[in-house]
Amino acid sequence: MSQPDAGPTGADTFPRLLLHHAEVRGGRTAIREKDLGIWLSWTWSQVADEVRAAACGLAALGFRRGMTLGIVGDNRPRLYWSMMAAQALGGIPVPLYQDAPAQEMRFVLDNAEIAFAVVEDQEQVDKLLEILPDAPRLSKIIFDDPRGLRNYPNPEILSFEKLQELGRRFDAENPGFFQRELELGRPDDISVMLYTSGTTGSPKGVCHTHHSLMSAAKGDIAFDGFDEHDEVLSYLPMAWVGDHLFSHAQALVAGFCVNCPESSETVMTDLREIGPTYYFAPPRVFENLLTQVMIRMDDAAAPKRRLFHYFMGVAKRHGAKIMDGRASEVPLSGRLLYALGTLLVYGPLRNVLGMSRIRVAYTGGAAIGPDLFEFYRSIGINLKQLYGQTETGVYVCKQPSGNVKLDTVGTPLPGVEIRIADNGEIQVKTPGMLKEYYKRPDATAESITPDGWFMTGDAGFLDPEGQLKIIDRAKDVGKLADGTLFAPQYIENKLKFFPHVKEAVAFGQGRDQVCVFINIDLVSVGNWAEKRGLAYTGYVDLSQKPEVYALIQECVEKVNADLAADPHLSGSQIRRFLVLPKELDADDGELTRTRKVRRGFIAERYSVLVDSLFDGRTHQEIDAQVKFEDGRTSTIRADVQIRDAAVTAPARKAA
């Protein structure tokens with residue numbers, strides 16, 4: 001794979017790119033943040049000054065080349081500046097998930113050898129102070145938001161303002177220091193360390209270089225034509241590779257504006273105010289948005305409901321073709337109706353969703369239901385799927401505009417090669433490849449073949465058009481006792497396509513049938529229950545209602561009908577299911593921080609329920625422990641119902 005162009009200024013590291021933008025578009029807005037209802041803006045020149053002050057402040061405190069800087073909090077300009085400040089000094093920023101409890105952070109702090117941390121607020125400071133006795137390397141905690149922290153006596157903590165004050169004084173006393181540090185940087189230096197979700201064990205630190213992430217960013221930008229005029233809303237966890245690529249790497253390569261919402265609760269309002277041109281969200285976010293739309297339409301007056309459903313029918317028939325540039329295939333009457341629908345329904349709906357200016361929207365990280373996918377594309381939102389991992393810089397496949405297929409994740413991106421191993425595993429060579437796992441040469445050797453292919457761990461195949469289709473995790477693809485193919489994630493994703501199903505966990509490896517756990521979506525099912533006058537006291541009560549079981553059974557049996565049409569999977573239809581009386585939660589260890597199911601942990605924790613599914617019992621009492629954010633625990637006791645599901649006769653092969 002070739003080295004990317006360094007650019008006219010030799011900007012081959014992220015700090016050099018920052019200075020390049022400060023020179024060529026210094027007056028343009030680089031980043032915004034909403035604070036107390038007001039949008040605050042910083043230009044590229046101002047950001048460069050802020051980063052320089054922070055970098056010199058870190059240096060004054062003893063931060064040196066090769067050291068790691070922990071970053072914890074929601075998406076905040078100062079946290080992004082801290083990343084660039086560490087990179088300017090040859091250090092390595094290590095973002096941590098802001099919703100992780102203190103004990104979960106301890107592993108990363110120790111493993112990454114973090115001595116300095118920049119955090120958002122009092123909550124994050126308190127977490128780090130709690131584990132400080134067990135983290136002897138951690139010597140400085142720098143906070144952004146001073147609320148509640150002014151009278152803390154701890155000598156380890158200081159404000160970001162104080163850091164920059166120290167930095168400006170240090171810079172004045174050492175005028176050539178900052179520039180010398182920038183010149184020492186190399187494209188193959190580690191630019192960030194991002195920890196994996198730890199689905200099957202302890203998280204691993206994925207080391208990416210300036211070169212790998214800049215290559216991924218340049219390829220993405222060329223693929224979809226992003227430039228300095230684009231806007232992105234930065235609201236996903238900073239510790240997630242996608243946010244790092246979209247809100248840091250791509251923004252620094254293309255020079256577009258990053259917008260930070262006021263809080264997680266105001267994301268939708270802030271989305272509408274900013275009107276980004278480029279948007280990424282996991283399928284669950286798109287599902288939640290659609291659920292809210294449908295709930296509002298159900299509550300609307302009858303004429304408005306009829307108008308909405310009529311034009312959604314028009315969109316379903318013609319919208320996808322128009323979106324894909326095939327309007328000539330749509331009759332004139334259809335084009336006229338669609339134009340009227342855009343005026344009356346689709347345009348206002350896109351505005352309500354905050355997507356009026358969207359040129360490209362992406363989803364990834366999990367499968368998205370075809371109905372959900374078609375809905376957004378049919379109303380004029382260019383929603384596409386992407387595929388990649390933390391280790392590949394999320395740079396493997398994207399769906400090309402005009403050739404979007406519902407059941408694939410697109411074609412290989414520029415510079416990417418894909419091969420399918422004998423066991424069906426997808427292996428890739430990509431410009432966005434990790435350099436190594438931090439302090440884990442064994443894991444690095446296990447993940448990259450001797451001839452340089454990264455083993456994704458996913459099973460799939462390339463279709464005749466060269467588009468990649470994902471089946472499941474390669475290690476999870478197994479067989480039932482009779483040899484029938486069993487792909488649990490494939491089944492789980494089909495269940496999660498229904499708005500009433502929030503999570504699903506399938507079991508069947510080595511067994512004589514497939515059984516599943518279901519988590520209902522409290523908002524969707526709660527709204528469904530209220531419209532039918534079905535009273536309930538909370539999640540536990542609602543989850544075990546016979547009416548809810550009947551609702552979920554319909555979903556399960558529709559999935560069975562879909563599986564029956566696939567000759568490879570028709571034998572792995574769901575025979576029995578139950579609805580869990582509690583929501584699966586990352587704080588309880590049942591999900592990763594990126595909301596991936598930890599199937600083995602769940603099977604062990606709820607082994608009584610798993611045994612009951614396969615033993616033929618119709619109910620099982622269980623005590624389930626719940627952990628709250630403040631560390632307290634509580635126990636839920638429930639009599640869990642277990643139901644049989646009807647299966648569909650497999651489709652006969654054509655003679």
So, Tyr97 versus Tyr195, ring centres under 6.0 angstrom or not?
-> no
Donor-acceptor side-chain pairing of Ser215 and Tyr395 below 3.5 angstrom = no
Side-chain donor or acceptor of Asp144 paired with backbone N/O of Leu79 under 3.5 Å = no
Check for a donor-acceptor pair, side chain of Lys435 on one end and backbone N or O of Ser212 on the other, with a separation under 3.5 Å.
-> no
Glu130 and Gln103: side-chain contact (heavy atoms from CB on, under 4.5 Å), yes or no, with the steps?
-> CA-CA 9 Å; Glu130 178 185 334; Gln103 297 309 313; 3.4 Å; yes
Could you check if a side-chain atom of Val72 sits within less than 4.5 angstrom of a side-chain atom of Glu120, using non-hydrogen atoms only?
-> no
Answer yes if the side chains of Ser263 and Asp74 hold a donor-acceptor pair under 3.5 Å, and no otherwise.
-> no
Mind checking the CG-CZ spacing from Asp134 to Arg106? Nearest 0.5 Å is all I need.
-> 4.0 Å
Answer yes or no: is there a donor N or O on one side and an acceptor on the other, between the side chain of Thr363 and the main chain of Ala281, under 3.5 Å?
-> yes
Could you walk me through whether Gln98 and Gln124 pass side-chain contact (heavy atoms from CB on, under 4.5 Å), step by step?
-> CA-CA 8 Å; Gln98 74 275 25; Gln124 307 301 344; 3.7 Å; yes
Trace of the side-chain contact (heavy atoms from CB on, under 4.5 Å) decision for Leu591 with Val597 = CA-CA 5 Å; Leu591 305 174; Val597 167; 3.9 Å; yes
Residues Glu165 and Lys162 bridged, charged N to O under 4.0 Å | yes
Between Leu61 and Lys140, the two heavy atoms sitting closest are CD2-CE, 4.3 Å
Evaluate the ring planes of Tyr235 and Tyr279, with Trp represented by its six-membered ring, and classify them as parallel (under 30°), tilted (30 to 60°) or perpendicular (over 60°).
-> parallel
Could you walk me through whether Tyr387 and Asp458 pass side-chain hydrogen bond (donor to acceptor under 3.5 Å, both in side chains), step by step?
-> CA-CA 11 Å; Tyr387 171 73; Asp458 291 322; 2.6 Å; yes
Are Glu287 and Leu290 close enough, and set up right, to give a side-chain contact (heavy atoms from CB on, under 4.5 Å), and what steps lead you there?
-> CA-CA 5 Å; Glu287 290 167 10; Leu290 179 55; 5.9 Å; no
Is there side-chain contact between Val232 and Pro276, with at least one heavy-atom pair below 4.5 Å?
-> no
For the residue pair Leu58 and Ala85, what are the closest heavy atoms and their distance?
-> CD1-CB, 4.1 Å
Is the distance between the ring centroids of Tyr80 and Trp42 under 6.0 Å?
-> no
Between atom CH2 of Trp453 and atom OG of Ser447, what is the distance when rounded to the nearest 0.5 Å?
-> 16.0 Å
Nearest 0.5 Å, what's the CG-CD distance between Asp35 and Glu262?
-> 6.5 Å
Assign the ring pair His244 / Phe14 to parallel, tilted or perpendicular, where the plane angle (0 to 90°) is split at 30° and 60°.
-> perpendicular
Minimum heavy-atom distance between Val409 and Cys397, given as atom pair plus value = O-CB, 3.5 Å
Before giving the answer on side-chain hydrogen bond (donor to acceptor under 3.5 Å, both in side chains), spell out for Thr209 and Asp188 the whole-Å C-alpha distance, their side-chain angles and the decisive distance to 0.1 Å.
-> CA-CA 5 Å; Thr209 65; Asp188 61 352; over 6 Å; no
Could you give the distance from OG (Ser41) to CG (Asn259), rounded to the nearest 0.5 Å?
-> 8.0 Å
Does any donor atom in the side chain of Asp442 or Tyr437 lie under 3.5 Å from an acceptor atom in the other side chain?
-> no
How close do Cys56 and Gly167 get, heavy atom to heavy atom, and via which atoms?
-> CB-O, 3.3 Å
Do any N or O atoms from the side chain of Ser45 and from the backbone of Gly27 form a donor-acceptor pair under 3.5 angstrom?
-> no
Exam field: side chain Asn154 to backbone Glu156, donor-acceptor pair closer than 3.5 Å = no
Take Asp224 and Tyr278 through the test side-chain hydrogen bond (donor to acceptor under 3.5 Å, both in side chains) and record every step on the way to the result.
-> CA-CA 10 Å; Asp224 272 313; Tyr278 175 29; over 6 Å; no
Return the minimal non-hydrogen interatomic distance between Arg32 and Pro77, and the atom names on each side.
-> O-CG, 4.4 Å
Quick one: do Arg78 and Glu161 make a salt bridge, cutoff under 4.0 Å?
-> yes
Has the side chain of Thr196 got a donor or acceptor atom that lies under 3.5 Å from a matching backbone atom of Lys204?
-> yes
Is the backbone of Val253 close enough, under 3.5 Å, to the side chain of Lys218 for a donor and an acceptor to pair up by distance?
-> no
Gln46 side chain to Thr43 backbone, donor-acceptor under 3.5 Å | yes
Is the closest side-chain heavy-atom distance between Tyr438 and Thr444 below 4.5 Å?
-> no
Counting only N and O atoms by type, is there a donor-acceptor contact under 3.5 Å from the side chain of Arg16 to the main-chain atoms of Glu183?
-> yes
Rounded to the nearest 0.5 angstrom, the OG1-CD distance for Thr430 and Glu391 is 11.5 Å
Does the side chain of Phe223 reach to within under 4.5 Å of the side chain of Pro414, using non-hydrogen atoms?
-> yes
Which atom of Asp243 lies closest to which atom of Pro237, heavy atoms considered = CB-O, 3.3 Å
Partner of Phe116 under side-chain contact (heavy atoms from CB on, under 4.5 Å), picked from Leu138, Leu69, Ile141, Leu163, is Leu69
Report yes if the side chains of Asp145 and Arg76 come closer than 4.5 Å at any heavy-atom pair, otherwise no.
-> no
May I ask you to decide if the ring planes of Trp44 and His21 are parallel, tilted or perpendicular, using 30° and 60° as cut-offs?
-> tilted
Is the side chain of Gln164 donor-acceptor paired with the backbone N or O of Glu50 at a distance under 3.5 Å, no angle test?
-> yes
Taken to the nearest 0.5 Å, the spacing of Asp121 CG from Leu149 CG works out to 8.0 Å
Look at Asp12 together with Arg186 and state whether they make a salt bridge at an N to O cut-off of under 4.0 Å.
-> no
Is there side-chain contact between Leu89 and Phe177, with heavy atoms separated by less than 4.5 Å?
-> yes
May I ask you to test the Gln122-Phe143 pair for a side-chain heavy-atom distance under 4.5 Å?
-> no
Does any non-hydrogen side-chain atom of Pro15 lie less than 4.5 Å from one of Met84?
-> no
